[in-house]
**Student:** 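Quick one: structure below, then a few questions.
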Amino acid sequence: MKKFKYSEITPENIYKNRRKFIKNLGLATGSMLLNQHLITSANANAKKEHKKLTEYRYITTYNNYYEFGTGKSDPVERSQKFKTKPWDITIDGEVENPITISMEEIIEMFPSEERIYKLRCVEGWSMVIPWNGFPLGKILKKVSPTNKAKFVKFTSVLDPEQMIGQRFPILDWPYKEGLRIDEAMHDLTILVTGLYGKKLPNQNGAPLRLMVPWKYGFKSSKAIVNIKLVEKMPTSSWMKASPKEYGFYSNVNPKVDHPRWSQATERVIGEGIISPRIPTTMFNGYGDEVANLYTGMDLKKYF
Amino acid sequence: MKSFLKPSIFTLSLIPFIIITYKIFLNKLGPEPVKEITHFTGEWTLIFICLTLSMSPLKRFTNFKFWIKIRRILGLFVFFYATLHLLTYIVIDYRLDWSQIIDDVVKKKYIFVGFTAWLLLVPLVLTSSQRMMILLKKNWNKLHKLIYVIAIFGSLHFIWLSKTIFFKPLIYSLIILLLLLLRIRFKKTI
Ligand code: HEM
């Protein structure tokens, strides 16, 4: 599948002129976009929205990153001095060749590609973000998972000195998340090192974060230090906080409401006060690529 | 001096309204404007609930009648901000999509308690005048104890709509709890 690279078709200065950029994207690449997994959803509305990149300033100032506080602007305000160098990531567990690898090595070994994904937060809002990264599967293959590796567990950094939120029992720190091995190996699942062609800002999960576009945003761990292949389904921090509200799968699904709020619609970040909510689509619009991972599963039960 | 008191409290209470109007018209609401208005008006409703509840304890501690005099204005502003909050939800967020709204009120417990709290405010507003106070006599006091229920529902609403109780929902709930506890002590000493 050919990946759409916006910088190939759009001159650099166009970042500064979003309106023009979007127009170009719409006109020049309309047909090209049709081949992209980002708009495979049948929903015309979602297709339209997908073309509109969320502005850089919104992506980098409106964040849920409870390690730095529970307010949306806490992460940008409190993470600027966060040290991301040196940074090592360990990949171990049910693998033939466990490794500890530095960020520099990762960036050298795995060339980054651009992926424009829609991010849907469990709170009912969405953004469209041009990420830079590489498929998680590439790095997992390097360590050769054994046949006992059924799940992948992601552990984020624990550093209460630098992360004020971790001094309070907001969640079970460090942040833990998980994927089933086939979800982790899926080509859409990426490890992210940048966005908008720039180094990943601290508030967005630098130096290395996950991005799983068909799941609610909280599944995509930030500031990852350990990736462990395991046999049993890991318990994520959110599952532990409230098992009735946050399931292991957490696939975007307009038909399965969060117990306390509806998931049928979403607000598009950056849109004005007049623009309405848009309908949320199954698997966040990536159903064509990922629905087959869940055939025969009752998604109401495995939410 | 006296004649200035109520108009100044009134004007001060309007400041949040002026701020949000200014933000709406100058497009300063940030990435999620509708949620910003909802949160702003919701938080100010809760702040005015806390202010209203602080008046009789303050009178007790300071022995100034002043506090009781401004209590009514503050109470009416609870209703004012709660109504703006409700209208934001109905008109701007859900665009009068009644089936969705009714579904939410019935199914979502945070909307249910919020809506109940708003409904309970209505009789308090209708009986807020001096005349009603005289007319209802002792019953007025009984009826206006509803504000305690409203305060509890308001903080439950905030806890349930948030992903975690940290920190604002917790802080407001503790303030409300304290304000309510002060009253229990108050009665025993009389
Ligand atoms: C006395 C009544 C009420 C009080 C004190 C109150 C208070 C609040 C507070 C403090 C917030 C959160 C603000 C923040 O996060 O900064 C909030 C949010 C909200 N309230 Fe209320 N509220 C009341 C009534 C209502 C009613 C009647 C409705 C609708 C029927 C409603 C719907 C909402 C919604 C939709 C949110 C935003 C939820 C979200 O973030 O997704 N509230 N309210």
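Residue numbering restarts at 1 for every chain, and letters A, B, ... go by the order of the sequence lines. Because the structure is predicted, anything quoted here is derived from the model rather than measured.
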**Student:** Kindly compute the distance separating CH2 (Trp261(A)) from NZ (Lys108(B)), expressed to the nearest 0.5 Å.
**Tutor:** 9.5 Å
**Student:** Do you know which of Lys107(B), Lys109(B), Arg95(B) has the most heavy-atom pairs under 4.5 Å to chain A?
**Tutor:** Arg95(B)
**Student:** Around atom CD1 of Ile274(A), are there more than 12 heavy atoms of other residues, nucleotides or ligands at under 6.0 Å?
**Tutor:** no
**Student:** Quick test of your reading: applying ring-ring contact (aromatic ring centres under 6.0 Å, His included), list the pairs with at least one residue in residues 119-147 of chain B, sequence neighbours left out, ordered by first then second residue.
**Tutor:** Trp140(B)-His144(B)
**Student:** Report which part of Asn27(B) has an atom under 4.5 Å of a heavy atom belonging to chain A: side chain, backbone, both, or neither.
**Tutor:** neither
**Student:** With a 4.5 angstrom heavy-atom cut-off, could you sort out which part of Glu123(A) is near chain B: side chain, backbone, both or neither?
**Tutor:** both
**Student:** To check you understand the geometry: which heavy-atom pair defines the closest contact between Tyr58(A) and Pro31(B), and what is its length?
**Tutor:** CD2-CB, 3.6 Å
**Student:** Does the side chain of Arg277(A) reach to within under 4.5 Å of the side chain of Val34(B), using non-hydrogen atoms?
**Tutor:** no
**Student:** Of the listed residues (Gly69(A), Gly71(A), Pro169(A)), which shares the most heavy-atom pairs with chain B below a 4.5 Å separation?
**Tutor:** Pro169(A)
**Student:** Counting only heavy atoms not in Gln80(A) (residues, nucleotides, ligands), do more than 12 fall under 6.0 Å from its CD?
**Tutor:** yes
**Student:** Under the 3.5 angstrom rule, does the side chain of Arg267(A) hit a backbone N or O of Pro33(B) as a donor-acceptor pair?
**Tutor:** no
**Student:** Taking atom CZ of Phe61(B) as the centre, does the number of heavy atoms from other residues, nucleotides or ligands within less than 6.0 Å exceed 12?
**Tutor:** yes
**Student:** Crowded around Phe66(B) CZ? As in, over 12 foreign heavy atoms under 6.0 Å?
**Tutor:** yes
**Student:** Is there any residue in residues 163-179 of chain B with a non-hydrogen atom under 4.5 Å from a non-hydrogen atom of chain A, and which ones are they?
**Tutor:** Lys163(B), Thr164(B), Phe166(B), Phe167(B)
**Student:** Quick one: what part of Ser275(A) sits under 4.5 Å from any heavy atom of chain B, side chain, backbone, both or neither?
**Tutor:** backbone
**Student:** Could I get the full list of side-chain hydrogen bond (donor to acceptor under 3.5 Å, both in side chains) partners for Gln130(B), not counting sequence neighbours?
**Tutor:** Arg72(B)
**Student:** Counting only heavy atoms from other residues, nucleotides and ligands, does the tally under 6.0 Å from CZ of Arg131(B) exceed 12?
**Tutor:** no
**Student:** So which residue, Leu161(B), Ile111(B), Asp93(B), Ile24(B), ends up with the most heavy-atom pairs under 4.5 Å with chain A?
**Tutor:** Asp93(B)
**Student:** Residue by residue, which of residues 35-47 of chain B have a heavy atom closer than 4.5 Å to a heavy atom belonging to chain A?
**Tutor:** Lys35(B), Ile37(B)
